[in-house]
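Encoded as structure tokens, the structure appears first; notes follow it.
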Amino acid sequence: MDLEVKGIGTASRNVKRQKSAQGWRICSSDAYGPRPDDVPALDLRRLGDSDGENDLSYTPVMKEQSRLASPDSTSTVSWGTPFPAPSSRRRTYCQESPVDEVSPEGLTSLDEKAIQQQCYTSKPYTAEQSRKRSEAEDLAAQKKKQAVVEQVLVDQLSRAVISDPGQDASTTDLSQQQTSLPGLGSAPLRFRNRKLHQTKVKTSSTLTENLLSNKLRFDARIISRNGRDACRELIGFFFAFDKSLTVYEYRQFGKNRTKALPFIQRGIYCHQYGRRKRRQYDVGDFHVGANLTFLTAQHVGLPTSVQEKPLLTLRIIGIDEMAKHSLLTSSNPALSKQEIDDRNIVMSVQGLLKEKLKKRGVLTMTGLVRFFHQRDQCGGGVLQKMELRQGLKEFHLELSNKDFESIWLVLDQDGDGEADYYQFIRVVIGEMNEFRKAFVRKAYMKLDPNKTGSSSVNDISKFYSGRKHPKVLSGECSEQQVRAAFMDTLKESCVSSDEVTYCEFETYYEGLSLGIANDEDFANVIRNCWAV
């Protein structure tokens, strides 16, 4: 039969289809010319459905293999390279061993899975990628800090005069001069509207921008087991002219709206814990790693979760060193003899346990937290002296009586016989520096953008990336196997099998940090795993 086909051009072409015993074939008309010899004939019979579609013995008509961008090719298109053949090592290298199996070095399979995560340091980001990422982060942080500085200046300069108690006297004097209507009594002072033109030109608490510019800016975080509070972004200011300080919280509402809100109102405060208790804050008290303590009863505007404890502890994680040098000749704070002795005791004990924790840091840190959590019946986070010592013995971290008593005197300065077990772990074993903690918080905030304090195991498994692991790049392990090794060790440290809290997430990387000496190597671990 004949079939007429009309093309896009001006002329139409006739295509004749002839049915033969061998099947349908296409015969071109004279308009196309004869079929070249090197072009195979199209056999529509082979395109039909058949049971042997997946038969691997079928060979195509073309005998030659397609060429993939050979060096002498004139084509500018690169078609890539074929995938390498799967290696047999991929199936046998990362087979999971039983949990109770112990290697000759005394490491269990979970220890080996945890150590596997340290291998990311072998393939760090390139210098160019690291530089671009660092510049973008610095620019965003600078804009954020500048917005908070402007908000602080606006708040302090405008509220100082309007809210000064001396304005009440001027308003009263002004109202007495005014003629009152007969039969109407004077309204109480708290119900009167204070007009801006009724304020004094100068009061005893008037501030100027020059006075407020003589300040020290610092970044801080809350030391808390609550993930929402621990991820709060705090920026503080210490004013040298009256030795007062204030702390603001940088908040983001939605995608485009940001606001700096007062967290600690400006005032003159003193230490509430430690060897410097009841001493007023000075410039020397502000350095990276220092703690600022406040009584929550004095700040009614704090979040409810923070007010549950009588003491609020802020850790300084960053500081404007140039401003500090201009306010203080020496950047190092002046320490008393007792504080120096405490520091030497802590460093001595941590040195004794450092070698034991080098390869078993993850399971030891997470195991200690679970051990203490199970014995914390009231949920207050504090334990007795004997319970803390029993935990060290359970994980083969025994200390001599002299060393343990010295550590206990550093912790139990109030003499109540109890201590926070998280603080106990930080003192005995040590903790990451603030550079490393900043990367851990960035990773967790990616998992928990709403700051609920916990993240589901499914979300963590989705965000975790093992593509840049050296063993994945070499073909020894698959990405799924590396992810499974990470999830196994993380679940082992969690109380719940479905949720991971911020504290548990941080504790995991606290233990992993013990086996990584270089800060940049640890940063590469976080970057490669979580793309932060």
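In this chain, residues are counted from 1 in sequence order.
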Do the side chains of [X] and [Y] get close enough for a salt bridge, i.e. N-O under 4.0 angstrom?
X	Y	result
D138	K145	no
E394	R389	no
K393	E398	no
R343	E339	no

**Message:** Does V362 form a side-chain contact (heavy atoms from CB on, under 4.5 Å) with Y509? I'd like the steps, not just the answer.
**Reply:** CA-CA 7 Å; V362 173; Y509 280 103; over 6 Å; no
Return the set of residues passing side chain to side chain donor-acceptor pair (under 3.5 Å) with [X] (not counting sequence neighbours), or none when no residue passes.
X	value
D403	S400
T501	E504
E308	none

**Message:** Could you walk me through whether T313 and N291 satisfy the side chain to side chain donor-acceptor pair (under 3.5 Å) test, starting with their C-alpha distance in whole Å, then the side-chain angles of each, then the deciding distance to 0.1 Å, before giving a yes or no?
**Reply:** CA-CA 6 Å; T313 304; N291 290 338; over 6 Å; no
**Message:** Testing F439, F463, Y502 one by one against Y444 for a ring-ring contact (aromatic ring centres under 6.0 Å, His included), which residue passes?
**Reply:**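 Of the listed options, the one satisfying the test is Y502.
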**Message:** Checking T452 against D448 for the side chain to side chain donor-acceptor pair (under 3.5 Å) test, could you report, in this order, the C-alpha distance in whole Å, the side-chain angles of both residues, the deciding distance, and whether it holds?
**Reply:** CA-CA 7 Å; T452 60; D448 184 21; 2.9 Å; yes
**Prompt:** Do S478 and Q481 meet the criterion of a side-chain donor-acceptor pair at a distance under 3.5 Å?
**Reply:**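 Side chains of S478 and Q481: pair found under 3.5 Å.
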**Between S461 and N458: side-chain donor-acceptor atoms closer than 3.5 Å** =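 Judged by distance alone, the side chains do not pair up.
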**Request:** Using the six-membered ring wherever Trp is involved, compare the ring planes of F237 and Y248 and label them parallel, tilted or perpendicular (cut-offs 30° and 60°).
**Result:**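 The arrangement is perpendicular - the two ring planes meet at more than 60°.
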**Asked** Among all residues two or more places apart in sequence or in another chain, which pass the ring-ring contact (aromatic ring centres under 6.0 Å, His included) test with F486?
**Response**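 With sequence neighbours excluded, F486 shows a ring-ring contact (aromatic ring centres under 6.0 Å, His included) to Y464, Y508, W530, given in chain and number order.
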**Message:** Within a 6.0 Å radius of atom NZ on K354, are there more than 12 heavy atoms belonging to other residues, nucleotides or ligands?
**Reply:**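 Atom NZ in K354 is not crowded, with 12 or fewer foreign heavy atoms closer than 6.0 Å.
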**Gap between atom CE of M365 and atom CD1 of I425 - 0.5 Å precision** =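 Reported to 0.5 Å precision, the distance equals 6.0 Å.
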**Message:** If I take atom SG from residue C503 and atom NE2 from residue H373, how far apart are they, to the nearest 0.5 angstrom?
**Reply:**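 These two atoms lie 10.0 Å from each other.
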**Message:** I'd like to check E499 versus I460 (side-chain heavy atoms, cut-off strictly below 4.5 Å). Are they in contact?
**Reply:**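 No; the side chains remain at least 4.5 Å from each other.
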**Request:** Compare all side-chain heavy atoms of K442 with those of I526 and state whether any distance is below 4.5 angstrom.
**Result:**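 Result no, sub-4.5 Å side-chain heavy-atom pair not found.
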**Prompt:** After noting the C-alpha distance and the side-chain angles of L312 and T293, does the key distance pass the side-chain contact (heavy atoms from CB on, under 4.5 Å) rule?
**Reply:** CA-CA 6 Å; L312 169 64; T293 52; over 6 Å; no
**Message:** Treating D412 as the side-chain partner and D416 as the backbone partner, does any N or O pair qualify as donor plus acceptor under 3.5 Å?
**Reply:**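 Checked: pair present.
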**Request:** Measure from the side-chain N and O atoms of R228 to the backbone N and O of S454, and report whether any donor-acceptor pair falls under 3.5 Å.
**Result:**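 No: the side chain of R228 does not pair with the backbone of S454.
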**Request:** Would you sort out whether D376 and L383 count as a side-chain contact (heavy atoms from CB on, under 4.5 Å), showing the intermediate values?
**Result:** CA-CA 7 Å; D376 183 16; L383 291 175; 4.3 Å; yes
**Asked** Between L399 and L353, does a side-chain contact (heavy atoms from CB on, under 4.5 Å) hold up when you go through it step by step?
**Response** CA-CA 9 Å; L399 293 174; L353 303 178; 4.2 Å; yes
**Item:** Partner residues of N518 under the side chain to side chain contact (heavy atoms under 4.5 Å, CB included) criterion, sequence neighbours left out
**Value:**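 Result, side chain to side chain contact (heavy atoms under 4.5 Å, CB included) vs N518: E520, D521.
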**Where at least one partner belongs to residues 429-439, residue pairs that pass side chain to side chain donor-acceptor pair (under 3.5 Å), sequence neighbours excluded** =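 Found R221-E434, R315-E431, R315-E434, N433-D519, R436-S513, R436-D519, K437-E506, K437-E510.
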